[in-house]
**Student:** 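Attaching a single structure in structure tokens format; questions to follow.
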Number of protein chains: 4
Amino acid sequence: MAGSVNKVIIVGNLGREPEVRTFSNGGKVCNLRIATSESWRDRNTGDRKERTEWHSVAIFSEGLAKIAEQYLRKGSKVYIEGQLETRKWQDQSGQDRYTTEVVLRPYRGEITLLDPRRDDGNGPRDGGSQQGGGYSGPSGYSDERNQRPDFDDEIPF
Amino acid sequence: MAGSVNKVIIVGNLGREPEVRTFSNGGKVCNLRIATSESWRDRNTGDRKERTEWHSVAIFSEGLAKIAEQYLRKGSKVYIEGQLETRKWQDQSGQDRYTTEVVLRPYRGEITLLDPRRDDGNGPRDGGSQQGGGYSGPSGYSDERNQRPDFDDEIPF
Amino acid sequence: MAGSVNKVIIVGNLGREPEVRTFSNGGKVCNLRIATSESWRDRNTGDRKERTEWHSVAIFSEGLAKIAEQYLRKGSKVYIEGQLETRKWQDQSGQDRYTTEVVLRPYRGEITLLDPRRDDGNGPRDGGSQQGGGYSGPSGYSDERNQRPDFDDEIPF
Amino acid sequence: MAGSVNKVIIVGNLGREPEVRTFSNGGKVCNLRIATSESWRDRNTGDRKERTEWHSVAIFSEGLAKIAEQYLRKGSKVYIEGQLETRKWQDQSGQDRYTTEVVLRPYRGEITLLDPRRDDGNGPRDGGSQQGGGYSGPSGYSDERNQRPDFDDEIPF
DNA sequence: TTTT
DNA sequence: TTTT
């Protein structure tokens with residue numbers, strides 16, 4: 001449809017290890033189960049309440065699936081951006097059923113790891129990088145950044 | 001959970017009229033059915049493909065439900081911001097079923113109408129107020145805007 | 001930095017025509033000026049107040065720049081997704097100055113037109129394709145949608 | 001303006017301690033300086049490049065300012081949702097200058113702490129809370145969650 | 001400079 | 001069931 005947007009942003013923790021499945025055509029999907037939660041105080045009793053929401057995530061982007069598989073673990077905190085998709089399937093009795101997932105397709109999705117870098121003896125990888133010059137010129141614009149982030153050959157975070 | 005975010009942003013069109021239901025306790029919910037769609041070109045055949053996604057929206061915020069009921073119609077284009085919630089219910093045979101919706105709760109959701117103002121002969125509804133000075137002072141900050149947007153006693157868009 | 005997100009989402013109207021500039025190296029930028037506004041009721045006087053915010057947008061993605069140039073006009077309503085960037089420049093007196101813009105770089109930005117299709121006598125431009133079956137299979141997943149949206153050879157909205 | 005959205009989402013780290021200032025009228029603002037960064041590989045040299053972007057954040061929401069002051073420190077990782085605002089001021093020579101900030105006003109902004117809970121001897125704070133029943137009833141909806149999150153009397157994360 |  |  002002209003002019004539509006379908007976007008989900010989740011920051012939460014994995015409830016279990018990522019699961020990767022390969023299809024007969026060579027394609028892959030990586031499934032995540034992510035928890036978010038909100039808390040509030042009950043209007044009547046004054047008790048503190050909390051509810052956890054569980055999100056099903058399906059990553060079809062090959063680069064992002066590889067990252068998810070390699071770097072995410074049960075308990076990892078992650079930022080996920082994808083789109084809502086509901087798919088129809090049939091249960092054993094032949095009845096229509098629907099499942100809604102947060103889906104990351106190529107070019108339409110993002111993953112950002114939010115776990116602190118466990119510093120395992122190797123030096124700091126995330127020093128205090130600074131604003132960085134070289135970002136001007138006559139037009140006031142530089143084009144050095146107009147490139148595809150490489151997802152595939154390195155750790156992009 | 002500490003540090004989680006659960007956010008959905010949808011821009012799409014209503015597939016039918018908003019539906020409002022009142023609960024026995026006086027509460028209300030306004031349900032919307034919103035379509036988004038994406039298109040792509042098939043990698044093999046080169047054909048143009050399109051898929052429409054249907055989103056179920058449930059508005060529990062009283063102010064926003066009123067706005068939805070009053071201003072949204074079948075076909076309306078709208079920006080919706082809410083959170084993902086999956087609720088469990090039992091079908092006739094007693095089996096567990098799950099439904100995922102985009103939910104707008106008080107203080108956690110937003111609606112913005114995107115239909116052009118149809119000027120149907122009635123004059124302008126809002127003077128052409130402009131950028132408005134008075135936005136400085138010693139600190140460089142003014143506090144005049146730090147107020148709750150009124151959703152309830154007027155049309156907020 | 002590990003694990004960061006820099007995202008701006010704007011829905012507003014163009015205050016003037018898009019401006020395209022070409023750099024000596026062949027690169028292009030398309031600049032937009034977009035207004036958003038919010039209104040509130042003054043806490044003391046009860047008067048209705050409104051403030052318009054003007055956003056400077058710079059599109060470096062070639063495909064998106066082409067779309068912006070071709071389809072956006074003064075007054076157009078548009079959804080923009082980009083990232084915040086502040087660049088430094090020198091004014092005539094040699095003093096450092098800073099300008100903050102919403103920047104759309106390749107693979108990191110989105111444009112969605114929100115103007116209603118003005119049907120100006122020319123027939124429909126796109127058949128009424130519908131939900132489209134073929135979206136299941138043993139895995140419950142189909143891969144037909146895992147493709148790059150084509151921005152370059154057609155109108156993507 | 002009818003139908004506009006002005007939203008910024010930042011996940012990054014504080015470059016310095018939060019700064020709180022009080023105005024003569026009793027109002028407060030909490031200012032943050034947050035870094036995000038992106039990296040890419042240079043198209044020509046193949047070198048890994050990185051650029052850090054610094055964001056100025058101004059929190060006018062009293063509840064959120066209190067949280068920021070109390071829980072954020074230099075180095076803290078945080079999710080911030082606010083709106084873009086550009087304000088005009090005069091420099092010493094009387095020239096107009098503009099500063100663009102990410103602003104959190106009451107009811108229009110969000111903060112989520114992303115630092116892992118330093119477990120200082122007290123037991124686990126974030127046990128595996130579960131989906132939680134009690135979320136159904138005839139309508140399939142419960143209203144227990146339709147309440148204002150309390151920001152003011154407790155730690156909301 | 002837009003929109004309501 | 002919407003929109004293009």
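Not measured: the values here are computed from a predicted model. All chains are named by letter (A, B, ...) in the order of the sequence lines, taking the proteins before the strands, and each is independently numbered beginning at 1.
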**Student:** Which whole-number value in Å describes the distance from B:Leu114 CG to F:dT3 C1'?
**Tutor:**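 For the pair B:Leu114 CG and F:dT3 C1', the rounded distance is 13 Å.
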
**Student:** Ignoring the backbone of B:Arg33, work out which of F:dT1, E:dT2, F:dT2 is nearest its side chain.
**Tutor:**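 Ranking F:dT1, E:dT2, F:dT2 by closest atom to the B:Arg33 side chain puts F:dT1 first.
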
**Student:** How many Å lie between CZ on C:Arg73 and P on E:dT1, as a whole number?
**Tutor:** 19 Å

**Student:** Quick one: C:Glu19 CD to E:dT2 P, roughly how many Å, whole number?
**Tutor:**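 Nearest whole value for this atom pair: 14 Å.
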
**Student:** Any side-chain donor-acceptor pair under 3.5 Å between C:Gln90 and C:Asp96?
**Tutor:** yes

**Student:** Quick one: are C:Ile34 and C:Trp54 in side-chain contact, heavy atoms under 4.5 Å?
**Tutor:** no

**Student:** Using centres under 5.5 Å plus planes under 30 degrees as the test, is C:Trp54 stacked with E:dT2?
**Tutor:**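 No; centroid distance or tilt outside limits.
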
**Student:** Please report, rounded to the nearest Å, how far the P atom of F:dT4 is from the CG atom of B:Leu14.
**Tutor:** 14 Å

**Student:** Rounded to whole angstrom units, what separation is found between the CD1 atom of B:Ile10 and the C1' atom of F:dT2?
**Tutor:**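 Atom-to-atom, B:Ile10 to F:dT2, this comes out as 13 Å.
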
**Student:** Of the candidate nucleotides F:dT1, E:dT1, E:dT2, which contains the atom at the shortest distance from the side chain of B:Lys74?
**Tutor:**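 Side chain of B:Lys74 sits closest to F:dT1.
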
**Student:** Output the rounded distance in Å from NZ (C:Lys77) to P (F:dT3).
**Tutor:**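 Those two atoms, NZ and P, are 18 Å apart.
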
**Student:** In whole angstroms, how far is the C1' atom of E:dT4 from the CD atom of C:Glu38?
**Tutor:**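 Rounded to whole Å, this separation is 14 Å.
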
**Student:** Can you measure C:Asn13 atom CG to E:dT1 atom P for me and round it to whole angstrom units?
**Tutor:** 16 Å

**Student:** Would you indicate which nucleotide in F:dT2, E:dT2, E:dT4 comes nearest to any side-chain atom of B:Thr52?
**Tutor:**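 Taking heavy atoms from C-beta onward, the closest nucleotide is F:dT2.
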
**Student:** For residues B:Gln95 and A:Gln95, is any side-chain donor paired with an opposing acceptor at under 3.5 Å?
**Tutor:**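 There is no such pair between these side chains.
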
**Student:** Just to verify, what does C:Asp47 make a salt bridge (Lys or Arg N to Asp or Glu O under 4.0 Å) with, not counting sequence neighbours?
**Tutor:**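 Here no residue qualifies.
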
